[in-house]
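Reviewing the structure listed below.
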Amino acid sequence: VELGERSYQVEIGAGNISAAAAHVNNKNKNARVAIVTDEVVESIYGEKMVNAFEERNITAGTVVIPVGEESKNVETLAMLWDSFAELGIDRKSVVVALGGGVVGDVTGFAAGTYLRGVDYLQVPTTILAQVDSSVGGKVAINLHAGKNLAGLFYQPRSVVIDVLTLKTLPEREVRAGLAEVVKYGVIWDESFMGYLEDNAAKILAIDPEVISHVVMRSVQIKAEVVGSDETEQGLRRILNYGHTLGHSLENLAGYGVYLHGEAVAWGMAVATRISAEMGMLKYSDADRVLELLKKLSNVPKPADIDADELIAGTRKDKKAQAGKVNYVLAESVGRVVVRDDVDEGLVKRVVEEHIERG
Ligand code: NAD
Ligand code: GLY
C-alpha cells in the first residue's frame with residue numbers, strides 16, 4: 001500500500017500465520033507485544049500466535065475481547081488501553097490485531113490512540129477482514145448514535161494474511177465476506193469478475209490457490225484505491241458500493257440480524273438495479289452482478305423492513321453531505337461513479353422490490 005512514509009506491505013500466504021512475528025523488527029526487539037483477539041479466534045489460533053513470538057524471544061501477552069459487533073464500543077476501547085498499560089506496552093511495542101473486522105477496527109483504534117499511537121499489525125482471519133477492513137487504515141468503534149462514528153485513519157505497520165485460517169470460518173461468514181469480493185469486480189475489474197464466475201465452487205470450498213488469488217487481487221484493488229485517496233476525499237468513495245442502503249438496513253434491522261456483508265450484498269443488489277433503471281447500466285450486466293452475488297454470497301430478503309424508514313436512514317449516513325445522499329452506481333461491470341442526484345421515488349420502488357425478493 002503506497003502511502004509515502006506510511007507505506008506498508010500486505011503479505012499473503014497459505015499457512016504463514018506465524019510469520020506475523022517476523023514483522024516485529026529490531027526497533028521492537030526488547031519491547032512487549034500485545035495480541036488482541038476475540039474468544040473464538042483465541043481458541044483456534046491464540047496459542048500459535050503467542051508461540052510464534054516466543055520462538056523469537058519476544059514477550060507477548062494476549063487480550064481477549066468478547067465475540068461480535070457489540071465489542072466495537074467505548075468500553076472495549078477503555079479495557080484495551082488499560083490492558084496495554086498492564087502489559088507494559090510502550091512506544092517501541094507492537095499491538096497485533098488477530099481476528100475479523102471487529103477485532104481489527106477496535107484494536108487499530110486503541111493502538112492509534114494509546115500513547116498517541118503505537119505500531120500495530122493486522123492479522124485478519126475472516127474474508128471480510130482479509131479483503132477489506134485490514135487494509136486502508138480505517139479504524140473505528142460504534143456509538144449509540146450509529147456505526148463507526150468515532151474513529152481514525154491509522155495505517156498498520158503491515159498486514160499478514162494466512163488464507164488457511166479461512167478453513168475454520170463458518171460458511172455464513174465466508175459468504176458474507178465474499179460480497180465485498182464481488183464489489184471489487186463491479187467497481188474496478190471486469191476480468192476479476194469473470195475469474196469469480198469461473199471459480200465460484202473452488203472459492204466457496206476455500207481452495208488455497210484460488211482463494212489466495214481472490215484475496216490478492218482484492219487487496220491489490222483496495223491498495224490502489226487507498227494509495228490514491230487515503231482519507232476518502234474522492235476515489236475511495238467507490239469502495240462504498242452497496243453501503244449506502246446496506247448500512248441503513250444493518251442499522252434498521254438491529255445489529256446482529258444481518259451480517260455486515262449480507263447487508264452490503266443486499267445494498268449492492270439494489271444499487272445495481274437502480275443503475276440499470278437509470279439507464280446507466282445494461283440490464284444484462286445488472287443480471288450478471290445479481291447472479292454472482294447470489295452464487296457467492298447471501299442476499300437477504302428483509303421482509304419486515306419499511307422502505308421509507310430505510311431511506312430515511314440513508315440521510316443519517318456519515319457520507320451524506322448537506323442532506324444529499326451519495327450512491328455509488330455502476331456504468332458497466334468494472335466501472336462505477338458516485339451520484340448525489342438519485343431520485344428518491346426510484347430508490348423507494350427498487351427498495352420495495354428487493355425487500356420482497358432479495
Ligand atoms: P467479526 O470480526 O465479527 O468476525 C466474524 C465471526 O467470525 C466472529 O464470530 C469471529 O469470532 C469469527 N472468526 C473470525 N475468524 C475466524 C476463523 N478464522 N475461524 C473461525 N471463526 C472466526 O466480523 P467481520 O465480518 O470480520 O468484520 C465485521 C466488522 O468489520 C464490522 O464491524 C464492520 O464495520 C467492519 N468493517 C471495517 C472496515 C474498515 O475499513 N475498517 C471495512 C469493512 C467492515
Ligand atoms: N471499507 C471501505 C473503505 O475502507 O474505505
Side-chain angles (χ1 to χ4, degrees), residues 10-23 33-55 60 62-72 76 95-108 120-135 156 158-182 196 199-219 256 258-262 264-265 295-298:
V10 181
E11 177 189 318
I12 301 166
N16 59 324
I17 194 167
S18 301
H23 289 253
V33 166
I35 300 165
V36 182
T37 187
D38 73 21
E39 288 154 341
V40 169
V41 178
E42 200 280 330
S43 70
I44 312 175
Y45 301 106
E47 198 180 328
K48 206 171 192 178
M49 189 53 81
V50 171
N51 290 343
F53 284 101
E54 291 194 339
E55 275 162 22
T62 305
V63 188
V64 182
I65 66 171
V67 164
E69 188 69 28
E70 297 73 33
S71 281
K72 260 178 66 171
T76 308
V95 170
V96 181
L98 171 67
V102 166
V103 167
D105 279 12
V106 70
T107 306
Y120 76 115
L121 305 180
Q122 289 274 17
V123 186
T125 61
T126 62
I127 293 202
L128 180 127
Q130 295 188 352
V131 303
D132 188 0
S133 63
S134 66
V135 177
S158 42
V159 182
V160 178
I161 297 177
D162 179 353
V163 295
L164 291 190
T165 58
L166 302 175
K167 289 269 185 199
T168 56
L169 193 64
E171 192 193 340
R172 186 176 173 196
E173 298 286 351
V174 168
R175 286 181 170 274
L178 288 173
E180 302 281 3
V181 169
V182 175
L196 299 175
N199 291 281
K202 286 187 174 170
I203 293 168
L204 287 166
I206 314 290
D207 175 273
E209 202 174 310
V210 172
I211 201 78
S212 294
H213 176 75
V214 166
V215 172
M216 188 190 69
R217 185 65 193 129
S218 301
V219 168
Y258 301 115
L259 298 177
H260 177 75
E262 291 169 347
V264 166
K295 201 183 274 179
L296 286 182
S297 194
N298 277 330

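For clarity, every value in this text was computed on a predicted model and none was experimentally measured.
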Check: Between Phe53 and Ile35, is a side-chain contact (heavy atoms from CB on, under 4.5 Å) present by the stated rule, with each step listed?
Finding: CA-CA 10 Å; Phe53 284 101; Ile35 300 165; 4.0 Å; yes
Item checked: Taking every non-hydrogen atom, the tightest pair across Ala97 and Gln122 -> CB-OE1, 3.6 Å
Checklist line | Pro156 side chain reached by Leu121 side chain, heavy atoms, under 4.5 Å | finding: no
Next item on the list: For Val96 and Val33, work out which heavy atoms get closest and say how close.
Entry: CG2-CG1, 3.7 Å
Check: So, does Thr76 use its side chain to make a donor-acceptor pair with the main chain of Ser71 at under 3.5 Å?
Finding: yes
Margin query: Assess whether a salt bridge exists between Lys202 and Glu209, defined as any Lys/Arg side-chain N lying under 4.0 Å from an Asp/Glu carboxylate O.
Written below: no
Check: Just how far is it from atom CD of Glu11 to atom CG of Asn16, taken to the nearest 0.5 Å?
Finding: 5.0 Å
Next item on the list: Determine yes or no for a side-chain-to-main-chain donor-acceptor pair under 3.5 angstrom, with Asp38 supplying the side chain and Pro66 the backbone.
Entry: no
Check: Does the pair Ile17 and Met49 meet the rule for a side-chain contact (heavy atoms from CB on, under 4.5 Å), with working shown?
Finding: CA-CA 7 Å; Ile17 194 167; Met49 189 53 81; 3.7 Å; yes
Notebook entry, point to check: How far does NZ of Lys72 sit from CD1 of Ile65, to the nearest 0.5 angstrom?
Noted result: 10.5 Å
Check: Are any side-chain N or O atoms of Arg217 and backbone N or O atoms of Ser212, one a donor and one an acceptor, separated by less than 3.5 Å?
Finding: no
Next item on the list: Compare all side-chain heavy atoms of Leu204 with those of Arg175 and state whether any distance is below 4.5 angstrom.
Entry: yes
Next item on the list: Without swapping roles, check the side chain of Thr37 against the backbone of Gly99 for a donor-acceptor pair under 3.5 Å.
Entry: no
Notebook entry, point to check: Where the side chain of Ser18 meets the backbone of Ala52, is there a donor-acceptor pair that is under 3.5 Å apart?
Noted result: no
Next item on the list: Mark yes or no for whether Tyr45, through its side chain, and Thr165, through its backbone, hold a donor-acceptor pair below 3.5 Å.
Entry: yes
Notebook entry, point to check: Within a radius of less than 6.0 Å around NZ of Lys48, do more than 12 heavy atoms belonging to other residues, nucleotides or ligands occur?
Noted result: no
Check: If you measure from OG on Ser218 to CD on Gln130, what distance do you get to the nearest 0.5 Å?
Finding: 10.0 Å
Checklist line | Residue pair Pro208 / Leu164: nearest heavy atoms and the distance that separates them | finding: CG-CD2, 4.1 Å
Next item on the list: For residues Ile127 and Val181, report the shortest heavy-atom separation together with the two atoms involved.
Entry: CG2-CG2, 4.2 Å
Check: Distance from Leu196 atom CG to Leu178 atom CG, nearest 0.5 Å?
Finding: 8.5 Å
Notebook entry, point to check: Roughly how far apart are Glu69 CD and Asp105 CG, rounded to 0.5 Å?
Noted result: 8.0 Å
Next item on the list: Output the distance between atom CE (Met216) and atom CD1 (Ile161), rounded to the nearest 0.5 Å.
Entry: 11.0 Å
Item checked: Distance-minimising heavy-atom pair for Thr126 and Gly101 -> OG1-N, 4.2 Å
Next item on the list: Check step by step if side-chain contact (heavy atoms from CB on, under 4.5 Å) holds for Leu259 and Asn298.
Entry: CA-CA 10 Å; Leu259 298 177; Asn298 277 330; over 6 Å; no
Next item on the list: Return yes when atom CD of Glu47 has more than 12 non-hydrogen atoms of other residues, nucleotides or ligands closer than 6.0 Å, and no otherwise.
Entry: no
Check: If every non-hydrogen atom of Thr62 is compared with every non-hydrogen atom of Glu42, which pair is closest and at what distance?
Finding: CG2-CG, 4.2 Å
Next item on the list: Run the numbers on Ile211 and Ile203 for side-chain contact (heavy atoms from CB on, under 4.5 Å), then give the verdict.
Entry: CA-CA 6 Å; Ile211 201 78; Ile203 293 168; 4.0 Å; yes
Checklist line | 4.5 Å side-chain heavy-atom contact, Val103 and Leu98 | finding: no
